[in-house]
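Okay, structure first, notes after.
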Amino acid sequence: MPCNCRSEEITVAAHCLLNPLTRVRGLAPVPFQPEGPTVQLPCPEALYLGLERWAVTRNQLDVPQFRRFCRTLIEPYADLLQMLAHEGASLRIVGLAGSPSCGVEMTSSGYTGGLPCGAEHVHVSGRGVFMEELLAELELRGVPFRAEEIGKK
């Protein structure tokens with residue numbers, strides 16, 4: 001029996017928007033209250049680096065091993081999103097501005113290696129690694145979606 005989601009909007013949210021405990025310690029939660037059905041994506045940084053990680057930037061995560069890890073997380077979610085879209089649901093993907101993993105329009109850059117120091121990172125145009133992989137997979141499958149981000153400063 002087909003699902004009852006023919007014209008329903010489904011929010012597909014970056015993990016930390018619904019569970020701020022996965023954010024880097026010291027970062028405040030981003031207010032987010034989705035309405036209606038919601039799919040919570042996994043947090044690739046917490047799963048890959050743990051909860052006691054320090055802040056990282058996109059250029060640090062943009063390596064083949066992390067991309068492969070992201071794709072393994074994405075595949076079952078892409079399957080689900082494809083099925084929901086096939087049933088008529090519209091997908092609203094919500095990322096986090098400035099995130100090295102889940103930024104949609106803005107990500108982070110900096111920290112070029114070496115000993116840890118108080119060096120600042122900057123926000124730059126572009127997608128985070130995880131979101132880049134997710135959206136590319138959905139496009140490859142022909143799954144319609146709209147993507148946006150919250151938390152812009």
Side-chain angles (χ1 to χ4, degrees), residues 9-85 90-141 143-153:
E9 180 177 79
I10 297 176
T11 300
V12 181
H15 188 91
C16 68
L17 295 177
L18 299 172
N19 178 8
L21 296 177
T22 58
R23 295 195 77 195
V24 169
R25 286 191 182 144
L27 292 178
V30 175
F32 180 66
Q33 289 294 321
E35 295 180 19
T38 303
V39 173
Q40 182 179 22
L41 294 168
C43 176
E45 290 177 46
L47 292 170
Y48 193 77
L49 299 170
L51 295 177
E52 295 184 17
R53 70 192 183 280
W54 55 89
V56 295
T57 57
R58 184 189 193 285
N59 52 299
Q60 292 172 301
L61 295 177
D62 193 7
V63 296
Q65 186 173 358
F66 185 71
R67 283 190 175 274
R68 276 191 304 275
F69 177 73
C70 288
R71 286 192 296 272
T72 65
L73 295 176
I74 287 166
E75 189 173 1
Y77 285 87
D79 291 344
L80 174 64
L81 298 176
Q82 183 176 9
M83 289 186 287
L84 290 168
S90 63
L91 303 176
R92 173 185 171 230
I93 299 172
V94 182
L96 180 63
S99 168
S101 293
C102 292
V104 172
E105 299 168 11
M106 184 184 306
T107 187
S108 59
S109 182
Y111 300 148
T112 57
L115 294 174
C117 62
E120 292 293 320
H121 67 274
V122 295
H123 290 144
V124 296
S125 293
R127 291 186 172 146
V129 173
F130 181 77
M131 201 58 71
E132 189 173 82
E133 292 290 337
L134 173 65
L135 300 183
E137 180 63 23
L138 293 176
E139 288 171 356
L140 182 69
R141 294 174 181 221
V143 176
F145 64 87
R146 68 182 171 96
E148 62 189 72
E149 65 184 15
I150 63 169
K152 294 178 184 165
K153 295 181 178 172

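Values reported hereafter were calculated over all heavy atoms of this structure, with side chains retained and with hydrogens, waters and symmetry mates removed. Small disclaimer: the values here were computed from a predicted structure and weren't measured.
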Would a 4.5 Å heavy-atom cut-off, applied to side chains only, mark [X] and [Y] as touching?
X	Y	answer
Val12	Leu80	no
Phe130	Leu41	yes
Arg67	Glu132	yes
Phe69	Thr72	yes
Val30	Cys16	no

query = For the residue pair Tyr48 and Phe66, does the interplanar ring angle fall in the parallel (under 30°), tilted (30 to 60°) or perpendicular (over 60°) class?
reply =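 Taking Phe66 first and then Tyr48, their aromatic rings stand perpendicular (interplane angle over 60°).
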At what distance, to the nearest 0.5 angstrom, does [atom1] of [X] lie from [atom2] of [Y]?
X	Y	atom1	atom2	answer
Leu135	Arg146	CG	CZ	13.0 Å
Met106	Ser125	CE	OG	6.5 Å
Glu133	Arg68	CD	CZ	11.0 Å
Phe32	Ile150	CZ	CD1	5.0 Å
Leu96	Thr107	CG	OG1	10.0 Å
Cys70	Gln65	SG	CD	11.0 Å

Donor-acceptor under 3.5 Å ([X] side chain, [Y] main chain):
X	Y	result
Arg25	Glu52	no
Gln40	His15	yes
Thr57	Gly110	yes
Thr22	Asn19	yes

key: CD (Glu75) with more than 12 external heavy atoms under 6.0 Å   =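 Counting other residues, nucleotides and ligands, CD of Glu75 stays at 12 neighbours or fewer.
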Indicate the atoms forming the closest heavy-atom contact of [X] with [Y], along with that distance.
X	Y	result
Gly95	Ala14	CA-CB, 4.2 Å
Pro29	Pro31	O-CD, 3.7 Å
Leu91	Pro144	CD1-O, 3.8 Å
Leu84	Ile10	CD1-CD1, 3.7 Å
Ala55	Val24	N-CG1, 4.0 Å
Met131	Ile93	SD-CG2, 3.7 Å

request  = Going by the side-chain contact (heavy atoms from CB on, under 4.5 Å) test, name the single residue among Ser101, Ser108, Pro100 that passes it with Val56.
outcome  = Pro100
key: Lys/Arg N to Asp/Glu carboxylate O, Arg141 vs Glu137, below 4.0 Å   =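 Yes, charged N to carboxylate O under 4.0 Å.
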ask   = Is a salt bridge present between Arg92 and Glu35, judged by a nitrogen-to-oxygen distance below 4.0 Å?
value =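 Looking at Glu35 together with Arg92, the answer is no, because their closest N to O distance does not fall below 4.0 Å.
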